[in-house]
Amino acid sequence: MAKRRKLYEGKAKVIFEGPEPGTVVQYFKDDATAFNNKKKGTITGKGVLNNRISEYLMLCLQDIGIPTHFVRRLNMREQLVREVEIIPVEVVIRNIVAGSLAKRFDMPEGTPLPRSIVEYYYKSDELDDPMISEEHITAFGWATPPELDEIMSMSLRINDYLSGLFLGIGIRLVDFKLEFGRLWDEDQMHIVLADEISPDNCRLWDVKTSEKMDKDRFRRDLGDVEEAYQEVARRLGILPESGPGDMPGPDTLQ
Ligand code: TMP
Ligand code: ASP
């Protein structure tokens with residue numbers, strides 16, 4: 001079998017050359033890291049679940065008119081996406097105090113925010129993803145002011161939509177991280193949603209019990225990580241009827 005060219009390997013995904021120009025393949029690994037790689041582990045089946053969950057959410061967002069890099073899921077662990085130039089900014093949207101916000105301001109986790117807060121972090125493992133302002137982004141040329149306006153308005157729309165979608169299945173969208181990329185169509189440049197949306201980069205709490213259903217279970221050694229991801233997929237209606245038993249193990253890379 002022909003071996004595909006690996007373009008990039010991240011902490012949770014590998015990017016391979018795509019079957020046609022302008023596309024790449026995202027391969028979802030079971031590897032989990034936290035605190036910028038200081039904590040490492042494996043969550044069995046995570047890649048399969050995140051591939052499915054992210055496919056589902058990206059398609060929902062496309063339906064409401066959010067442009068995304070997503071083309072189609074190829075198999076259990078891979079999806080075909082448009083090749084984009086990733087903007088090196090992580091956009092975090094928060095609805096409820098948790099994680100680093102709770103720590104920074106010494107506020108109890110679970111405090112509702114009077115309005116959603118958008119934060120930006122510079123994507124750099126070496127620098128530990130430092131928090132940045134719009135001024136840094138435009139001054140250093142990571143994005144132009146109009147691009148940033150578009151990113152901000154798309155992020156807020158995504159937050160509104162996903163908050164409602166998750167609430168409908170008994171889950172509170174506490175906070176989440178998005179990444180965007182530039183896509184060229186002829187001479188026209190568009191900003192599109194890229195990367196993935198999954199329990200790896202969202203905080204998801206059960207409405208009734210406040211139980212965590214996301215990567216915090218791994219970060220904080222709470223156990224039942226895989227089960228939590230499965231439950232998110234089950235509530236979204238995208239787990240095979242008979243449960244995870246239906247999900248074969250990792251697809252072998254061609
Ligand atoms: P934080 O509270 O640690 O700043 O995280 C905010 C949200 O962003 C949370 O849903 C997890 C997500 N996140 C990532 O996806 N990648 C990261 O590197 C970090 C730090 C957070
Ligand atoms: N994704 C980051 C890491 O791998 C941080 C996190 O999600 O907690 O270290």
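If you read the sequence from its start, that first residue is 1, and numbering goes on from there. Just so you know, ligand 1 is whichever comes first in the structure, and atom 1 is the first atom listed for that ligand.
Applying the 4.0 Å criterion to heavy atoms of R94 picks out, from ligand 1, the atoms 1 (P), 2 (O), 4 (O), 6 (C). Distances below 4.0 Å separate heavy atoms of F176 from the following atoms of ligand 1: 10 (O). Short contacts between ligand 2 and K215, defined as distances under 4.0 Å to a heavy atom of the residue, involve ligand atoms 1 (N), 6 (C), 7 (O). Each of the atoms 6 (C), 8 (O) of ligand 1 lies under 4.0 Å from some heavy atom of V92. Atoms of ligand 1 found under 4.0 Å from any heavy atom of G99 (numbered from 1 in listed order, with element): 2 (O). Under a 4.0 Å criterion applied to the non-hydrogen atoms of R219, ligand 2 contributes the atoms 6 (C), 7 (O), 8 (O). Within the listing of ligand 2, atoms 3 (C), 4 (O), 9 (O) sit less than 4.0 angstrom from a heavy atom of K11. Within ligand 1, the atoms closer than 4.0 Å to a non-hydrogen atom of N201 are 10 (O), 12 (C), 15 (O), numbered from 1 in the order shown.
Scanning the protein heavy atoms around atom 6 (C) of ligand 1, the nearest turns out to be R203 NH1, 3.6 Å. For atom 5 (C) of ligand 2, the closest heavy atom belonging to the protein is F35 N, 3.8 Å. Ranking protein heavy atoms by distance to atom 9 (C) of ligand 1, first place goes to D175 OD1, 3.1 Å. Of the protein's heavy atoms, S100 OG, 3.4 Å lies nearest to atom 1 (P) of ligand 1. Counting protein heavy atoms only, atom 9 (O) of ligand 2 is closest to N36 N, 2.5 Å. Taking atom 3 (C) of ligand 2 as the reference point, the nearest protein heavy-atom neighbour is T33 OG1, 3.2 Å. The nearest heavy-atom contact from the protein to atom 21 (C) of ligand 1 is R219 NH2, 4.6 Å.
Seen from the ring of Y229, K46 does not count as a face-on cation partner, given the 6.0 Å and 45° thresholds.
Using a cut-off of 4.0 Å between Lys/Arg side-chain N and Asp/Glu carboxylate O, R217 and E211 are scored as salt-bridged. Taking a cutoff of 4.0 Å between a charged side-chain nitrogen and a carboxylate oxygen, E9 and K29 qualify as a salt bridge. Comment: R77 engages D30 in a salt bridge, judged by a side-chain N to carboxylate O separation of less than 4.0 angstrom. Ionic pairing of D175 and R203 is present here: one or more N-O contacts between side-chain nitrogen and carboxylate oxygen are shorter than 4.0 angstrom. Between D216 and R219, at least one side-chain N (NZ, or NE/NH1/NH2) sits under 4.0 Å from a carboxylate O, which counts as a salt bridge.
When E119, E179, E196, K177 are ranked by how near their heavy atoms come to atom 16 (N) of ligand 1, first place goes to K177.
By the 6.0 Å contact criterion, NZ on K38 is enclosed, its count of non-hydrogen atoms from other residues, nucleotides or ligands being greater than 12. Within 6.0 Å of NZ in K103 there are 12 or fewer heavy atoms belonging to other residues, nucleotides or ligands. Around the CZ atom of R5, the shell of radius 6.0 Å holds no more than 12 heavy atoms that belong to other residues, nucleotides or ligands.
Ligand 1 does not have K103 within reach: every non-hydrogen atom of the residue lies 4.0 Å or more from it. Heavy atoms of E90 approach ligand 1 to within less than 4.0 angstrom.
Counting heavy atoms under 4.0 Å from ligand 1, residue A102 does not touch it at all.
Under the 3.5 Å distance criterion, with hydrogens and angles disregarded, a donor-acceptor pair is assigned to the side chains of E78 and N75.
Between H136 and F140, the angle of the ring planes stays under 30°, which puts this pair in the parallel group of the 30/60° scheme.
With sequence neighbours excluded, the residues satisfying side-chain contact (heavy atoms from CB on, under 4.5 Å) with V24 are L7, I15, V81, E83.
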